[in-house]
Amino acid sequence: MKLFRAAFGAAMLVVCMDQAALATTQNVIFNGTITATCTLVVATNGTMTVSPDLQSLSSHNSGGSAGTLTLNTTGGVSLSVDPVTITTVPAADTTAITWTPTYSASGAHTIAETGSATSLTAPGADLVTVHLAGTKGGSNRFASGSYQATVTVRCE
């Protein structure tokens, strides 16, 4: 009986090997949603220098340099700079300073220098250039010492 079962099993195996296996397929669907977004990465910080009349401390002055950021966006966002709120000035400088941040962009979007918000409707990558100017009014002048101000660039 054992021999019969083994022979029968072997015969069935040979028969099954000649038949094609039944194939089945299924589709796997992938979905994705990207919301309007952007990223900003600081490439360089800026440098402000004083004007000959000592009433302007600016990245636009001779020897000054702009800060730069890289921007990547899906589009559907707005680019802007916030008013300056974080500053460090020497103790000897006791008169008011008016800080004016501006920016421009080149790459997928061309933005002339502005301090206002700009709508970015298309996706792309840009180099954003940021300038800062501090000014004194009337007979006031900048005092000697170290100055620092922070410009917040906003993409939302």
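Reckoned from all heavy atoms, side chains included, excluding hydrogens, waters and symmetry mates. Along the sequence shown, the residues carry numbers beginning at 1.
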* Report the C-alpha separation of Ile97 and Val89 in whole Å, then their side-chain angles, then the decisive distance to 0.1 Å, and conclude whether the side-chain contact (heavy atoms from CB on, under 4.5 Å) test is met. => CA-CA 10 Å; Ile97 303 170; Val89 301; 3.8 Å; yes
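Note that OG1 of Thr94 is 8.0 Å distant from CG of Asn140, once rounded to the nearest 0.5 Å. With rounding to the nearest 0.5 angstrom, the CD1 atom of Ile111 is 12.0 Å from the OG1 atom of Thr102. Rounded to the nearest 0.5 Å, atoms CE (Met48) and OG (Ser58) are 8.5 Å apart. To the nearest 0.5 angstrom, Ser146 atom OG is 12.0 Å from Asp93 atom CG. Within the model, atoms CG of Asp126 and CG of Leu79 stand 8.0 Å from one another, a figure rounded to the nearest 0.5 Å.
Residues passing the salt bridge (charged side-chain N to carboxylate O under 4.0 Å, His left out) test with Arg141: none are found, sequence neighbours excluded. The side chain to side chain donor-acceptor pair (under 3.5 Å) check on Thr121 picks up nothing, with sequence neighbours excluded.
Between the side chain of Lys136 and the backbone N or O of Leu54 there is no donor-acceptor pair closer than 3.5 Å. Judged by distance alone, with hydrogens and angles left aside, the side-chain atoms of Thr49 form a donor-acceptor pair with the main-chain N or O of Ser62 at under 3.5 Å. With hydrogens and angles disregarded, a donor-acceptor distance shorter than 3.5 Å links the side chain of Asp53 to the backbone of Gln55. Asn61 places a side-chain N or O within donor-acceptor distance of the main-chain N or O of Ser56, the cut-off being under 3.5 Å.
A pairwise comparison of heavy atoms in Gly124 and Ala108 identifies CA-CB, 3.6 Å as the closest pair. Nearest heavy atom pair, residue Ala36 against residue Gly76, reads CB-O, 3.5 Å. Contact detail for Ser59 and Ser65: the closest heavy-atom pair is CB-O, 3.3 Å.
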Please table the atom pairs, donor to acceptor, closer than 3.5 Å between any side-chain atom in residues 66-73 and protein atoms at least two apart or in another chain.
from  : atom 1 : to    : atom 2 : distance (Å)
Thr68 : OG1    : Thr44 : N      : 3.3
Thr68 : OG1    : Thr44 : OG1    : 2.7
Thr73 : OG1    : Thr37 : O      : 2.9
Thr73 : OG1    : Gly75 : N      : 2.9

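Between Val81 and Leu132 there is no side-chain heavy-atom pair separated by less than 4.5 Å. In this structure, Val84 and Val151 have side chains that are in contact, with non-hydrogen atoms separated by less than 4.5 Å.
Applying the ring pair (Phe, Tyr, Trp, His ring centres under 6.0 Å) definition to pairs two or more places apart or across chains, none involves residues 105-129. Residue pairs meeting the ring pair (Phe, Tyr, Trp, His ring centres under 6.0 Å) criterion with at least one member in residues 121-146, sequence neighbours excluded, are His60-His131, Phe142-Tyr147. Sequence neighbours left out, not one pair with a member in residues 66-108 passes ring pair (Phe, Tyr, Trp, His ring centres under 6.0 Å).
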